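Working notes, structure below.
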2 protein chains.
Amino acid sequence: MENSHQLNRLQTALHHQGLRMTPQRSLIMTLFQQLPKGEHLSAEDVYQRLVNEQTPLSLSTIYRTLHLMSKMGILRELELAEDHRHYELNALDGKRHHHLVCIACTKTIEFESNSIQKIGEKVAKGSEFSLLDCQLVIHALCPACQR
Amino acid sequence: MENSHQLNRLQTALHHQGLRMTPQRSLIMTLFQQLPKGEHLSAEDVYQRLVNEQTPLSLSTIYRTLHLMSKMGILRELELAEDHRHYELNALDGKRHHHLVCIACTKTIEFESNSIQKIGEKVAKGSEFSLLDCQLVIHALCPACQR
DNA sequence: TTAAGTGCAAAAACTTTGCATATTT
DNA sequence: AAATATGCAAAGTTTTTGCACTTAA
């Protein structure tokens, strides 16, 4: 099934770097896999959702895991208007979404764009970088906040 | 001259909202105007650069001013890989630049793109938002960090 | 076995806020 | 004069880290 397949991929990737699969990492990975499209979580969110599971899990471990999985390209770190970072599964197929954010009320609209993805790939390739993620953030005022 | 023209624009904009021009705001505005293209500052950076000026200036005031000027569309708040926010003057002509960031060593390359700007405008208009800023951030691995 | 991972508690880094005083308009 | 802005110091948030203990491979 899909879930265990993804967990295997994570495990393989970890082992390639001499790192280990743990119940905590597995739990966090599974949480993000089950997350509805478009939803993203902060470290604290992750903690609240998993603290009552059978596996013990601390905030420090969550921070460490979120960083690790972002560096591995498994999660994407969203840079929105909020005061803390949010994470979501990084789409393997390049179907990444972008954000239109009202800076007054923080209302956020998501959208997809093939063109942005293509620009990102072109720019990365032009500098010989290998792309992990690209995201457009548009800061604006929503109709209500324009008065 | 250019500088005082910009200061006048700031003053007018402030007065429109019942707010006031102060020596501190003027100082901060001038600093950003004189900043070389492509350079951006954190609140702490601003403090370090201005603390020895004749005008007294505190970190709180800097934070308050940076927020205010971002909400006014005068500054843009950059969302990069760093752990704190950076600011720079928001280009009035739409010549905004974007960032390609190596997530391993944080090496950053800036680039401009008319297409991105156009996409931003189209998306904002589509939802009847009024655009203030748009920025593409590409997370990637630079050649050196790919091993 | 042994290097990596975890939890805890403490610290660090960054940002916000209350309040008295000072300043713009 | 009235309302806004500032500085200070204290508090708030979010994130990081040291260390002893645990665990995956």
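In what follows, every heavy atom counts, from backbone to side chain, and hydrogens, waters and symmetry copies are set aside. Given the structure is predicted, the values throughout are model-derived calculations rather than measurements. Reminder, nothing fancy here: chain letters follow the sequence lines and each chain counts from 1.
Contact annotation: B:His67 side-chain N/O to C:dT15 OP1/OP2 distance is not under 4.0 Å. In terms of phosphate contacts, A:Tyr63 brings a side-chain nitrogen or oxygen within less than 4.0 Å of OP1 or OP2 of D:dT15. For the OP1/OP2 pair of D:dT13 and a distance below 4.0 Å, the side-chain nitrogens and oxygens of A:His84 include no atom meeting the criterion.
Straight-line distance from the OH atom of A:Tyr47 to the C1' atom of D:dT16: 17 Å, rounded to whole Å. For the pair A:Leu41 CG and D:dT15 P, the interatomic distance rounds to 13 Å; values are reported in whole Å. D:dT6 atom P lies 11 Å from atom CE of B:Met21, rounded to whole Å. For B:Leu57 and D:dA5, the CG to C1' distance is 12 Å, given to the nearest whole Å. The interatomic distance linking B:His16 (NE2) with C:dT24 (P) rounds to 21 Å, in whole Å. To the nearest angstrom, P of D:dT14 lies 9 Å from NE2 of A:His86. Rounded to whole Å, atom P of D:dA24 lies 14 Å from atom CG of A:Leu27. Rounded to a whole Å, the CZ atom of A:Arg85 is 11 Å from the P atom of C:dT15.
Between the side chain of B:Asp45 and the backbone N or O of B:Ser42 there is at least one donor-acceptor pair closer than 3.5 Å.
Residues B:Arg25 and B:Leu14 meet the side-chain proximity criterion, which asks for heavy atoms closer than 4.5 Å.
Applying the 3.5 Å distance criterion, the base of C:dC8 shares a donor-acceptor pair with the side chain of A:Ser60.
Nearest-nucleotide mapping onto DNA chain C: of A:Ile62 and A:Gly18, the residue sitting toward the 5' end is A:Gly18. Between A:Glu44 and A:Pro23, the residue anchored closer to the 5' end of DNA chain D is A:Glu44, taking for each the nucleotide with the nearest heavy atom. Each of B:Ala43 and A:Leu14 was assigned the nucleotide of DNA chain C with the nearest heavy atom; the assignment lying further toward the 5' end belongs to A:Leu14. Taking the nucleotide of DNA chain D with the nearest heavy atom to each of B:Gln24 and B:Arg20, the more 5' of the two is matched to B:Arg20.
The side chain of A:Ser58 has C:dG7 as its nearest neighbour among C:dG5, C:dT25, C:dG7. Here the nucleotide nearest the side chain of A:Thr22, chosen from C:dT6, C:dT17, C:dT15, is C:dT6. Relative to the side chain of A:His15, the nucleotides C:dG7, D:dA25, C:dT15 differ in distance, and D:dA25 lies closest. Taking every side-chain heavy atom of B:Leu19 into account, D:dT4 is the closest of D:dT4, C:dT16, D:dA25. You'll find that the side chain of B:Arg64 is closest to D:dG7, out of D:dG7, C:dT24, C:dC8.
Aromatic ring centroids of A:His97 and A:His40 lie 6.0 Å or more apart.
Within 4.0 Å of A:Gln17, counting heavy atoms only, lies no atom of the nucleic acid at all.
Using a 4.0 Å cut-off between charged nitrogen and carboxylate oxygen, B:Glu128 and A:Lys107 do not count as a salt-bridge pair. Taking 4.0 Å as the cut-off between side-chain N and carboxylate O, B:Glu121 and B:Arg96 do not count as a salt-bridged pair.
Closest heavy-atom contact between A:Cys102 and A:Cys142: SG-N, 3.4 Å.
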